[in-house]
4 protein chains.
Amino acid sequence: MARPKSPEKRDALLAAAVQLIAEQGLSVPTSKIAKVAGISEGSLFTYFETKETLLNELYLELKVEVRANMLDTYPTHASLEVRARYIWDMYVRFGIAHSDKYKVITQLSVSDSIREQTKRLSMEGYEALHAMVQEMFAYGALKDQPYAFGTALLLSLMNMTIEFIALHPSEADRFWDAGFIAFWNAVTGS
Amino acid sequence: MARPKSPEKRDALLAAAVQLIAEQGLSVPTSKIAKVAGISEGSLFTYFETKETLLNELYLELKVEVRANMLDTYPTHASLEVRARYIWDMYVRFGIAHSDKYKVITQLSVSDSIREQTKRLSMEGYEALHAMVQEMFAYGALKDQPYAFGTALLLSLMNMTIEFIALHPSEADRFWDAGFIAFWNAVTGS
Amino acid sequence: MARPKSPEKRDALLAAAVQLIAEQGLSVPTSKIAKVAGISEGSLFTYFETKETLLNELYLELKVEVRANMLDTYPTHASLEVRARYIWDMYVRFGIAHSDKYKVITQLSVSDSIREQTKRLSMEGYEALHAMVQEMFAYGALKDQPYAFGTALLLSLMNMTIEFIALHPSEADRFWDAGFIAFWNAVTGS
Amino acid sequence: MARPKSPEKRDALLAAAVQLIAEQGLSVPTSKIAKVAGISEGSLFTYFETKETLLNELYLELKVEVRANMLDTYPTHASLEVRARYIWDMYVRFGIAHSDKYKVITQLSVSDSIREQTKRLSMEGYEALHAMVQEMFAYGALKDQPYAFGTALLLSLMNMTIEFIALHPSEADRFWDAGFIAFWNAVTGS
DNA sequence: CATGAATGAGGATTCATTCAT
DNA sequence: GATGAATGAATCCTCATTCAT
């Protein structure tokens, strides 16, 4: 449980993994990851027992980063719309600014290497967001749905928006706004 | 004059690929696919030059099936809402009824094995859908967006709905409807 | 033993084999040979039981062609030098004019696919040449060697000359002559 | 700091390759080579990136050995005939004593796996021999030919002699001498 | 006889993981 | 701990040959 090993190397490995997976997919050899991280092939396995472990920890780390980004300075006391827009902006901005990390999360999400346990862990800590969604629901046609439906909907529209902007970067602002409006209408419409 | 290439075998290979990829991911060995299809390992390559080709043809075949399912009996002359709901129902139904095919499409979509050409081909034939989205846009806040934004939005919500239902199958109907309403509001809301 | 099958197809197969082996080596697939010959993959095996058989028959055929070329109009009654030069010219000319056949003979000679029996057969019919070599030996330092040594020597110098000319084609005539002189001196020198 | 790459294993692989290629031709599986070398199948590829690389390095190694054998104790200041005979003896002796290596060189020379670069490298370091040939030319009918023609001639006669002796080992000495005399007369005759 | 699909034993190479140094 | 050589199962694909049509 103790982790006496150098955290720098661990981070270097994860960073290398992000870069390489974004470029070449989940099948990148561990040896390549180690080399890009400036670490020996064998040492990778003192930081991560198996490749699968590396992938799971990477997934968690990225999800944590995304969540921190969205929620650490979340304006709890602002108006509903301000808060919703805040979430939207932080997530979409992250997806655009860190397209490699975004891609990796996407790849890992559909892969079969992420354990249930990891998935569960990655979904914790979104209380503020759930609350927000519930508040939004109150006004509209989705009022009887569980908040999880709302967050899934939000996530799906944010992802769609990020991917659409990736294809049409010159009109980023326009789709950024349009996406949010669509979300707002979807959830609050009656 | 020789034994003709048998479409049944081709289909068996594709079906085996669907089953195995849904279960085990894109990394299933071609040998397993051949075995499940009841065909020798080498024969697979008389039907598909490479594994990549198999994957591309599979992708196309599945997309074609989805499209046919959505559009072959599309009620062109029905009201906008009926038509929208028709698309929604057919796609979502397909995703739920053929969760293995649905998973395979998802996996292939994010993989790097699908060629640009294949992607392009898979996007043809959606004119009716584009038209429908444009009609919907006319009424709402998204009126200035390209129809592609609308179809992306539709696709993303249908997928979200399918996946949500897969997690909560006992309440399928409820989320099925909720998803549609969300979509309707998202696109027509002002 | 009877060979009722179309000799044209057999010849086409051998010709295709010459071309492809010269270009790509002995490992050319039989399927390629068949295709270039305009014959189906399986039919190749009605003309030649195995690939090895094809190779052996090809070797023999080429050797026979070379021999015919050298000896069919051999000037039996001409002077020794004229006869020697005749052999030299005919063989070297063949090697240069049919570099593909020449290459194939060379490849087959060192390969392990030619049976002893084939090698033996390919060495028959050189009586005139042996006689000539023996006549040459009479005058010089090699007088006590078996004629086979002389023919080996001749062959080796002709091959060397062909290969040298292949590398320096612009000065073909010069090396052609020089080779012959070297041979003449080698065998008749005292 | 890790286990260092062992030159013994590299040598064992090369030696195994020599043995097996001499016996079975260039198509020996890498797996067999590894097994005979007492090394795991995968390890072969830590010593040689590809089979082609193994073959090229083997070729070079053998050529270097032959050259060293011929030239390392070459009697630079001896008479022309002594020097010529020295070359002849060393090369022919090598060919007879190491018939497996000799065979491998022959096979590789005609194969298409040897890169131009490798061929070029393998031809360096023969200055003494070139000089010797040129000296011999001075006396005879070949005086106007480039020295390369002379070395080609020498090589071709040495190879012929080795192969002839391989077929008639009981009379090795006789053909050994005869070959040299033939060479001497070929090059110095007028 | 001709055809070319079917077969399946290889074959070169890769790669996660282990372990000697 | 760090290193990278060692391992060998696994993978995609090839190809001579057979055989159904």
Side-chain angles (χ1 to χ4, degrees), chain A residues 3-6 9 27-35 37-55, chain B residues 1-10 27-35 37-55, chain C residues 4-6 9 27-35 38-55 113, chain D residues 1-7 9-10 27-35 37-55:
Chain A
R3 206 168 278 151
K5 311 141 199 168
S6 142
K9 289 187 181 165
S27 55
V28 264
T30 51
S31 59
K32 251 188 204 168
I33 296 176
K35 177 181 291 182
I39 280 166
S40 80
E41 206 169 322
S43 283
L44 184 148
F45 293 92
T46 89
Y47 289 91
F48 305 95
E49 275 187 63
T50 64
K51 187 183 188 182
E52 206 213 354
T53 304
L54 162 57
L55 259 19
Chain B
M1 204 167 285
R3 199 176 335 188
K5 233 183 272 193
S6 122
E8 291 81 28
K9 284 185 185 156
R10 199 189 112 97
S27 54
V28 264
T30 50
S31 60
K32 247 186 210 169
I33 296 176
K35 179 179 292 181
I39 280 166
S40 81
E41 205 175 333
S43 282
L44 184 149
F45 294 93
T46 87
Y47 287 89
F48 305 96
E49 277 188 58
T50 63
K51 188 184 185 181
E52 206 214 354
T53 303
L54 162 56
L55 260 19
Chain C
K5 309 142 199 169
S6 143
K9 287 188 184 164
S27 54
V28 265
T30 49
S31 60
K32 251 187 205 168
I33 296 176
K35 178 181 293 181
I39 280 165
S40 80
E41 206 169 323
S43 283
L44 185 149
F45 293 92
T46 87
Y47 290 90
F48 304 96
E49 274 188 63
T50 65
K51 188 184 186 183
E52 207 214 351
T53 303
L54 162 58
L55 259 20
S113 27
Chain D
M1 204 168 289
R3 200 174 337 186
K5 233 184 272 192
S6 121
K9 283 184 185 156
R10 199 189 112 97
S27 55
V28 264
T30 51
S31 60
K32 249 188 208 167
I33 296 175
K35 179 180 291 182
I39 279 167
S40 81
E41 206 174 333
S43 282
L44 184 148
F45 294 92
T46 88
Y47 287 89
F48 305 96
E49 277 188 59
T50 63
K51 187 183 186 183
E52 205 213 357
T53 302
L54 163 56
L55 260 20

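We name chains A, B, ... by the order of the sequence lines, and we start the count at 1 in each one.
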Student: Please report the distance, rounded to the nearest Å, between OH in Tyr47(A) and P in dA2(F).
Tutor: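 Taking OH of Tyr47(A) and P of dA2(F), I get 4 Å after rounding.
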Student: Taking NZ from Lys35(A) and P from dG4(F), how many angstroms apart are they, rounded to a whole number?
Tutor: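 Those two atoms, NZ and P, are 10 Å apart.
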Student: Starting at atom CG of Leu55(B), determine the distance to atom P of dC13(F), rounded to an integer number of angstrom.
Tutor: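 Whole-Å distance recorded here is 11 Å.
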Student: Within this structure, what is the CZ-to-C1' distance between Phe45(D) and dA6(F), rounded to whole angstrom?
Tutor: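 Going from Phe45(D) (CZ) to dA6(F) (C1'), I get 14 Å.
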Student: With axes from five pairs an end, tell me the bend angle of the helix from dA2(E)-dT21(F) to dT21(E)-dA2(F), nearest 10°.
Tutor: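 Rounded to the nearest 10 degrees, the bend comes out at 0°.
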Student: Look up atom CG in Leu54(D) and atom CZ in Arg10(D), then write down how far apart they are to the nearest 0.5 Å.
Tutor: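 Here the rounded value is 9.0 Å.
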Student: Go through the structure and list residues passing side-chain contact (heavy atoms from CB on, under 4.5 Å) with Ser40(D), not counting sequence neighbours.
Tutor: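 Per chain and number, Ser40(D) pairs via side-chain contact (heavy atoms from CB on, under 4.5 Å) with Ser43(D).
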Student: Between Ser6(D) and Thr30(B), which is nearer to the 5' end of DNA chain F once each is assigned its nearest nucleotide?
Tutor: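 Nearer the 5' end of the strand: Ser6(D).
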Student: Any non-hydrogen side-chain atom of Ile33(A) less than 4.5 Å from a side-chain atom of Ile39(A)?
Tutor: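 No, side chains not in contact.
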Student: Take atom NZ of Lys51(B) and atom P of dC13(F), then tell me their distance rounded to the nearest Å.
Tutor: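 Lys51(B) atom NZ is separated from dC13(F) atom P by 8 Å.
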Student: Could you check how far CD of Glu41(B) sits from P of dG11(E), rounded to whole Å?
Tutor: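 Rounded to the whole Å, the gap is 15 Å.
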Student: For Lys32(D), check side-chain contact (heavy atoms from CB on, under 4.5 Å) against everything at least two apart and list the hits.
Tutor: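 Lys32(D) satisfies side-chain contact (heavy atoms from CB on, under 4.5 Å) with Leu20(D), Gln24(D), Pro29(D) only.
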Student: Applying side-chain contact (heavy atoms from CB on, under 4.5 Å), name anything that partners Phe45(D), two or more places apart in sequence or on another chain.
Tutor: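 For Phe45(D) the side-chain contact (heavy atoms from CB on, under 4.5 Å) partners, ignoring immediate neighbours, are Thr30(D).
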Student: Does Glu52(C) or Gly42(A) map to a spot on DNA chain F nearer the 5' end, using the closest nucleotide for each?
Tutor: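 Result: Gly42(A).
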Student: To the nearest angstrom, how far is Phe48(C) atom CZ from dC15(F) atom C1'?
Tutor: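 From Phe48(C) CZ to dC15(F) C1': 18 Å.
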Student: Using OP1 and OP2 only, check whether a side-chain N or O of Ser43(C) sits under 4.0 Å from dT3(E).
Tutor: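 Ser43(C) to dT3(E) OP1/OP2: side-chain N or O found under 4.0 Å.
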Student: Quick one: list whatever passes side-chain contact (heavy atoms from CB on, under 4.5 Å) with Ser6(B), sequence neighbours left out.
Tutor: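 Scan of Ser6(B) (side-chain contact (heavy atoms from CB on, under 4.5 Å), adjacent residues dropped) gives Glu8(B), Lys9(B), Tyr47(B).
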Student: For residues 40-51 of chain C, pull every pair meeting salt bridge (Lys or Arg N to Asp or Glu O under 4.0 Å), keeping only residues two or more places apart or in separate chains.
Tutor: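 Of all non-adjacent pairs touching residues 40-51 of chain C, none passes salt bridge (Lys or Arg N to Asp or Glu O under 4.0 Å).
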Student: Mind calculating the distance between CD (Glu49(D)) and P (dA5(F)) to the nearest angstrom?
Tutor: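 Atom-to-atom, Glu49(D) to dA5(F), this comes out as 13 Å.
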Student: Check whether any side-chain N or O of Thr46(A) sits under 4.0 Å from OP1 or OP2 of dA2(F), and answer yes or no.
Tutor: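 Thr46(A) to dA2(F) OP1/OP2: side-chain N or O found under 4.0 Å.
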Student: Tell me which of Lys9(C) and Ser27(D) sits closer to the 5' end of DNA chain E, going by the nucleotide each one is nearest to.
Tutor: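 Result: Lys9(C).
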Student: Return whichever of Lys32(D) or Gly38(B) has its heavy-atom-nearest nucleotide of DNA chain E closer to the 5' end.
Tutor: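 Upstream on the strand: Gly38(B).
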